[in-house]
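This report concerns only the one structure given below.
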There are 2 protein chains.
Amino acid sequence: MTYRRPVPLDRATRLLNHGPTVLVSAAHGGRSNVMAAAWNMALDFMPPKAAVVIDKATFTRGLIESSGYFALSVPCSAQAALTTAIGGVSGKDVDKAATLAGLAWIDEPESPAPLVEGCVAWLACRLLPEPHIQQTYDLFLGEIVGAWADERVYSAGRWHFEGHDALRTLHHVAGGHYLLPGDSVEGGAAD
Amino acid sequence: MTYRRPVPLDRATRLLNHGPTVLVSAAHGGRSNVMAAAWNMALDFMPPKAAVVIDKATFTRGLIESSGYFALSVPCSAQAALTTAIGGVSGKDVDKAATLAGLAWIDEPESPAPLVEGCVAWLACRLLPEPHIQQTYDLFLGEIVGAWADERVYSAGRWHFEGHDALRTLHHVAGGHYLLPGDSVEGGAAD
């Protein structure tokens, strides 16, 4: 049974607005890999775009540059140790999906890059090649071509984590220490 | 009495890692202005850098391009209505500091751009001019040249909001609805 449901593209950026750490995945030439990235953000509404920082030392970067696609999966509290472990080894050394307990791929026809199972939101992205900023700032931009979320904690354009503590998103501070979303507050009607 | 304390530059990005909404401010030619931006992220460790999306329609954008500086102030729960109000009017129409109750500037010699009083962290940034991505994606990059945080909720490289609910950072979802950081979780030692 899956709780993964499509999110309309014109609301896809809402999955990133609150600043979760994401898992960045890509596949090329028979290899798949994934890395963790606190440094990500939405970039545009429609067509929706996102930005993410991907260090030159990462194996995932080569897969993205070769395939032209990447995916952002939004991990949850139950995956805190997995998220840290994903960031602690390199795909240059190990096949993470074969090595790390709890890491499995979702094959989604609309995403050339594999999605990470057990996450609470997913964004399939097509790389928008910008060689200068990729080289100078390790900054990668993508057009969001598909979006999904776990209906238990996200629906009708809102996150609702109440009653699902294990599914709260992860917000990295440093050293494997993550803040989780708790209460919410209304700041009025303007948007 | 102020609780604002300097944060070492090599740890400045930790103020943004967990994905808070920020207030982007700038000053030029006798005018100061501020806007709200959920779309921001850290970009590099040392020298520290940050990225933020700034729409062409904003008055703040012109102040940044003219002065070459901007500041990111991290607002807190007590400022939810102010943060939404800041995003609801344009500096083209009103002097926000003269109009919006609760909006006041901190003059900080190390930041050519004014900081917003009552926030819980502040980053003074020097614009890294990248005309192509500014024009194409509304994407602005800055080197962080000064950083401060409210010692009641941030010290020794960690956020600690316990006992200070009004000082929790704001994480915008949509329509003036913000999530606040609650519990934390440890994902192990890797970083």
Side-chain angles (χ1 to χ4, degrees), chain A residues 11 13-14 16-21 38-44 49 51-53 77 79-89 128 130 132-133 136-139 141 157-159 161 165 168-191, chain B residues 11 13-14 16-21 38-44 49 51-53 77 79-89 128 130 132-133 136-139 141 157-159 161 165 168-191:
Chain A
R11 290 189 166 185
T13 53
R14 292 192 184 188
L16 298 179
N17 279 354
H18 71 305
T21 289
W39 296 355
N40 71 83
M41 66 179 179
L43 182 62
D44 203 357
K49 300 184 185 74
V52 61
V53 179
S77 181
Q79 296 172 305
L82 175 63
T83 299
T84 301
I86 283 171
V89 292
L128 297 167
E130 290 288 352
H132 168 64
I133 59 168
T136 307
Y137 302 106
D138 299 332
L139 180 53
L141 312 183
R158 288 288 192 278
W159 290 101
F161 296 111
D165 283 347
R168 291 179 190 270
T169 50
L170 295 169
H171 299 251
H172 194 234
V173 178
H177 174 75
Y178 302 90
L179 293 169
L180 305 173
D183 293 337
S184 63
V185 60
E186 300 297 329
D191 194 356
Chain B
R11 289 189 167 185
T13 53
R14 292 191 184 188
L16 298 179
N17 279 354
H18 70 305
T21 289
W39 297 356
N40 70 85
M41 66 177 179
L43 182 61
D44 203 356
K49 301 184 185 76
V52 62
V53 179
S77 180
Q79 296 172 305
L82 176 62
T83 299
T84 301
I86 283 171
V89 293
L128 297 168
E130 291 287 352
H132 168 64
I133 59 169
T136 307
Y137 302 106
D138 298 333
L139 179 53
L141 312 183
R158 288 288 191 280
W159 290 101
F161 296 110
D165 283 349
R168 292 178 190 270
T169 50
L170 296 169
H171 300 252
H172 194 233
V173 178
H177 174 73
Y178 303 89
L179 293 168
L180 305 173
D183 294 336
S184 63
V185 61
E186 298 298 329
D191 193 355

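Quick caveat: nothing in here was measured; it's all calculated off a predicted structure. As a basis for the values below, the full set of heavy atoms in this structure was taken, side chains included, without hydrogen atoms, waters or symmetry mates. In what follows, chains carry the letters A, B, and so on, assigned in the order in which the sequence lines appear, proteins first and then strands, with residues in each chain numbered from 1.
Looking at A:Leu170, the atoms closer than 4.5 Å to chain B (heavy atoms on both sides) all sit in the side chain, from C-beta outward. At a 4.5 Å heavy-atom cutoff, the contact between B:Leu43 and chain A is made by backbone and side-chain atoms alike. Interface remark: B:Leu141 contributes side-chain atoms only to the contact with chain A (heavy atom separation under 4.5 Å). Proximity to chain A (any heavy atom under 4.5 Å) is restricted, for B:Glu130, to the side chain, taken from C-beta onward. For chain B, the nearby parts of A:Leu179 are the backbone and the side chain; heavy atoms of each come within less than 4.5 Å.
When each of A:Leu139, A:Val185, A:Val173 is checked for heavy-atom pairs under 4.5 Å with chain B, A:Val185 comes out on top. By number of non-hydrogen pairs under 4.5 angstrom with chain B, the leading residue of A:Ala38, A:Gly182, A:Ala80, A:Ala42 is A:Ala42.
Note: A:His171 and B:His171 have perpendicular aromatic rings, judged against thresholds of 30 and 60 degrees for the angle between ring planes. Using bins of under 30°, 30° to 60° and over 60° for the plane-to-plane angle, the ring pair B:His172/B:Tyr178 lands in the tilted bin.
Among pairs with a residue in residues 168-181 of chain A, those fulfilling salt bridge (charged side-chain N to carboxylate O under 4.0 Å, His left out) read A:Asp165-A:Arg168, at least two apart in sequence or across chains.
Evaluation of the side chain to side chain donor-acceptor pair (under 3.5 Å) rule for A:Asp138 yields A:Lys56, A:Arg61 as partners, not counting sequence neighbours.
Here the side chains of A:Pro181 and A:Phe161 are in contact, with some heavy-atom distance below 4.5 Å.
Between the B:Asn17 side chain and the A:Thr21 main chain, no donor and acceptor come within less than 3.5 Å of each other.
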